[in-house]
Every structure is written in structure tokens, then in C-alpha cells.
Amino acid sequence: MKQDFKNYRTEDFQVWKTLFERQILNLKDKSCKEYLQALKDMMEVLYSERIAEFSQLDSWFSTCTGWRIQCVPGLIPVDDFFELLAEKKFCSSTWLRSMNELDYLEEPDMFHDVFGHIPLLSNNVFSKFIHEFGKLGKLNIKNEERLIELQRLYWFTIEFGLIDQDGPKVYGAGIASSFGEAISSLEKNTVRVQFDLDEVLNTSFETDKIQEKYFVIESFDQLYESILILKERWK
């Protein structure tokens, strides 16, 4: 499966531009410094005026952390997902939501995948964390209990993680790509707790609503260390 620009309609470009420009402003004082720096570094291949082209992203990443974009039709089997991460291939849809559904989707689209996930893959420490996560998942693909724990780790970090940088800041893609959740996750009455690996692994989640609890890491080094701890524990 490949990204085909001929398939994009005028509305798709309008959706991309609207979402991109709105979220850039929204995240200006909410996102972590690493994510904001990544957006600046990638501005030649990731910007509002044109839907991101995967071949350009691949070329850009070849000069830093070596990730590539793997086109997928939508959600894929978990074994394929871990296999791709282990090969430093990050999955992305090629379709975009419509103008009348800017704020809620049942299934992640290209804006979530690219704007939310892709920038931080350029950060060396975060890149190593996701790569090790993929390799660990591949090794434990037959262990249902461990897979559930890995899904929870993914959910509360890569998707909906916060980091302490003079207060909580956004790094998880599910928050970074969501206008509403970027706001609600940082509100005073929102439940936020310090990241604890065992607590994360034992915390269930729901996929169809704004999160009620967020885990806050101290640094990406702490996040990377957590996957090394898990790797050692599961030897």
C-alpha cells in the first residue's frame, strides 16, 4: 500500500491546513519542548500548506533516527504492529477526516498519525523507547498477559503521556493531535499522577472518551529506562 496524492481532494487539503494551524497555536504553550523543537526541525517536510508526503518524511528521517512511514489502511493486527516498530517502521493511515468531524474520530486518521506521532520519532531517546517497545512486543507476541500490559504502557505514554517541564506538558500523540484533549489534560481539576511503571501496567483504559487520568514522566530518559526494566523483568 502506498500514499497516492492523486486521491486527495480539495477538502482533504483544507482539513489538513485547518487542523495543523489550529493545533500549532493550541500546543504553543502546552506541548513539551522536544515536540515543539521537532516541529521546527521538520518544517520543510511537515507544514500546514500541504499534506505531508511520506517519501519526503522518509528522506528526512534517513538523516537522523532512521524511521520510515508504513502505509496502512487503518488499525492492523497487533503482531504486524510490533513487527513494524521493531523494524523502525511507524504505521500511518493515508486518509483524512472530513470537515464536519474535525474533533472526534472512532479510528485514527493521517493527521493523528503524522502530526501526533511522527515528530517525536526524531528525538533520539524517544526513538529508542519506541524501537525497544516494538522489539519487546515482537518477543512476547504469544503472551496475552504481557501484550495487555504493553498496550497499557503504549496508551498511557505514547498516546496519552504528559511530561513534567515546569508543570505538565503534552507529548502523547493522542493529546497532541486533539484540540480538546490538549486543553482538558492540563486543566487544574484533571487527575495527573507521577509515572510508575507497575501502576501503568495495571491500569485499564477506555478508547472512546477523553481520558480521566494521565501519567506524568520526569523525562524521556525515565521512559526509556522503563522499557529496559520491563525487558529485563521478562527475560
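If you read the sequence from its start, that first residue is 1, and numbering goes on from there.
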> Using links of under 4.5 Å between side-chain heavy atoms of ILVMFWY residues, direct or through other members, which residues join Phe179 in one cluster?
Replying inline: Ile183

>> If you count heavy atoms of other groups shown closer than 6.0 angstrom to NZ of Lys88, is the number above 12?
In response: yes

> With sequence neighbours excluded, what pairs up with Glu145 under the side chain to side chain contact (heavy atoms under 4.5 Å, CB included) test?
Replying inline: Asn143, Glu149

>> Could you go through Trp60 and Ser122, starting from their C-alpha distance and side-chain angles, then the distance that decides it, and tell me whether this counts as side chain to side chain contact (heavy atoms under 4.5 Å, CB included)?
In response: CA-CA 10 Å; Trp60 189 89; Ser122 65; 3.6 Å; yes

>> Looking at Thr65 and Leu121, would you say the former's side chain and the latter's main chain have a donor-acceptor pair under 3.5 Å?
In response: yes

> Considering all heavy atoms of both residues, which atom of Pro108 and which atom of Asp113 are nearest to each other, and what is their separation?
Replying inline: CB-OD1, 4.0 Å

>> Would the distance check show the side chain of Lys89 and the main-chain N or O of Phe81 forming a donor-acceptor pair, the cut-off being under 3.5 Å?
In response: no

> When you check the gap from the basic side-chain N to the acidic O, do Arg192 and Asp164 get nearer than 4.0 Å?
Replying inline: no

>> I'd like to know if the side chain of Glu11 and the backbone of Met99 have a donor-acceptor N/O pair within less than 3.5 Å.
In response: yes

> Which word best sums up how the rings of Phe5 and Phe13 line up, parallel for under 30°, tilted for 30 to 60°, or perpendicular for over 60°?
Replying inline: tilted

>> For Ser177, give me all partners under side chain to side chain contact (heavy atoms under 4.5 Å, CB included), at least two apart in sequence or on another chain.
In response: Phe111, His112

>> Could you measure the distance from the OG atom of Ser48 to the CZ atom of Phe115? Nearest 0.5 Å is fine.
In response: 10.0 Å

> Looking at Thr203 and Phe156, what are the two nearest heavy atoms and their distance?
Replying inline: O-CE1, 3.3 Å

> Who pairs with Phe129 by ring pair (Phe, Tyr, Trp, His ring centres under 6.0 Å), at least two apart in sequence or on another chain?
Replying inline: none

>> Measuring only between side-chain heavy atoms, which start at C-beta, is Leu85 closer than 4.5 Å to Phe90?
In response: yes

> Does the distance from a Lys or Arg side-chain N to an Asp or Glu carboxylate O, for Glu132 and Lys128, drop under 4.0 Å?
Replying inline: no

> Taking the side chain as C-beta and beyond, is there a heavy-atom pair between Asp196 and Phe215 under 4.5 Å?
Replying inline: no

> When rounded to the nearest 0.5 angstrom, what distance separates CZ in Phe61 from CH2 in Trp67?
Replying inline: 9.5 Å

> Step by step, would you call Glu49 with Glu21 a side chain to side chain contact (heavy atoms under 4.5 Å, CB included)?
Replying inline: CA-CA 9 Å; Glu49 298 298 325; Glu21 293 182 348; 3.7 Å; yes

> Where is the tightest heavy-atom contact between Leu46 and Phe20, given as atom of each residue plus distance?
Replying inline: O-CZ, 3.7 Å

>> Show, in sequence, the C-alpha distance, side-chain angles and deciding distance for Leu102 and Thr18, and conclude whether the side chain to side chain contact (heavy atoms under 4.5 Å, CB included) test is met.
In response: CA-CA 9 Å; Leu102 293 181; Thr18 300; 4.0 Å; yes

> Just by distance, do the side chain of Asn202 and the backbone of Asp198 share a donor-acceptor pair under 3.5 Å?
Replying inline: yes

> Can you hop from Ile148 to Phe82 via hydrophobic side chains spaced under 4.5 Å?
Replying inline: no

>> Give me the atom names and distance for the closest heavy-atom approach of Leu197 to Ser226.
In response: CD2-O, 3.6 Å

>> Using every non-hydrogen atom in the two residues, find where Ser184 and Tyr214 come nearest and quote the distance to one decimal.
In response: OG-OH, 4.3 Å

> When clusters are formed by joining ILVMFWY residues with side-chain heavy atoms under 4.5 Å apart, either directly or through shared neighbours, do Ile141 and Leu139 land in the same one?
Replying inline: no

> Heavy-atom distance under 4.5 Å between the side chains of Leu186 and Ile175, does that happen here?
Replying inline: no

>> So, taking the atom named CH2 in Trp16 and the one named OH in Tyr47, what distance separates them when rounded to the nearest 0.5 Å?
In response: 10.5 Å

> How far does NZ of Lys213 sit from OG1 of Thr190, to the nearest 0.5 angstrom?
Replying inline: 13.5 Å

> Given the rule in the salt bridge (Lys or Arg N to Asp or Glu O under 4.0 Å) test, do Arg22 and Asp103 qualify, once you have shown the distances and angles that lead to the verdict?
Replying inline: CA-CA 11 Å; Arg22 182 178 72 163; Asp103 293 315; 2.8 Å; yes

> Considering only heavy atoms from C-beta outward, does the side chain of Asn7 approach that of Thr94 to under 4.5 Å?
Replying inline: no

> For Gln194, does the CD atom sit with more than 12 other heavy atoms under 6.0 Å from it, leaving out its own atoms?
Replying inline: no

> Does a side-chain heavy-atom distance below 4.5 Å link Met110 with Gln3?
Replying inline: yes

> Could you give the distance from OG (Ser59) to CD (Glu44), rounded to the nearest 0.5 Å?
Replying inline: 10.5 Å

> Is any side-chain heavy atom of Trp155 less than 4.5 Å from a side-chain heavy atom of Val200?
Replying inline: no

>> We want to know whether Tyr171 and Gln165 form a side-chain donor-acceptor pair, criterion being a heavy-atom distance below 3.5 angstrom.
In response: no

> For the side chain of Glu159 and the backbone of Tyr154, is there at least one donor-acceptor N/O pair under 3.5 Å apart?
Replying inline: no

>> If the condition is side chain to side chain contact (heavy atoms under 4.5 Å, CB included), which residues does Ser62 pass it with, not counting sequence neighbours?
In response: none

> In chain order, what residues pass the side chain to side chain donor-acceptor pair (under 3.5 Å) check against Arg50, with sequence neighbours excluded?
Replying inline: Glu53

> Does one hydrophobic cluster hold both Trp95 and Ile51, with members joined at side-chain heavy-atom distances below 4.5 Å?
Replying inline: no

> Has the side chain of Gln23 got a donor or acceptor atom that lies under 3.5 Å from a matching backbone atom of Ser178?
Replying inline: yes

> What do the steps show when you test Leu36 against Lys40 for side chain to side chain contact (heavy atoms under 4.5 Å, CB included), and what is the final call?
Replying inline: CA-CA 6 Å; Leu36 295 176; Lys40 291 181 181 178; 5.6 Å; no

> Counting only heavy atoms not in Asp166, do more than 12 sit closer than 6.0 Å to its CG atom?
Replying inline: no

>> Testing the basics here: between Leu57 and Ala52, what is the closest heavy-atom pair and its distance to 0.1 Å?
In response: CD1-CB, 4.2 Å

> Between Val193 and Val216, is any pair of side-chain heavy atoms under 4.5 Å apart?
Replying inline: no

> Taking atom CG of Leu84 and atom CZ of Arg68, what is their separation to the nearest 0.5 Å?
Replying inline: 9.5 Å

>> Is the shortest side-chain heavy-atom distance between Ile163 and Tyr35 below 4.5 Å?
In response: no

> Backbone N or O of Leu201 within a donor-acceptor pair of the Arg152 side chain at under 3.5 Å?
Replying inline: yes

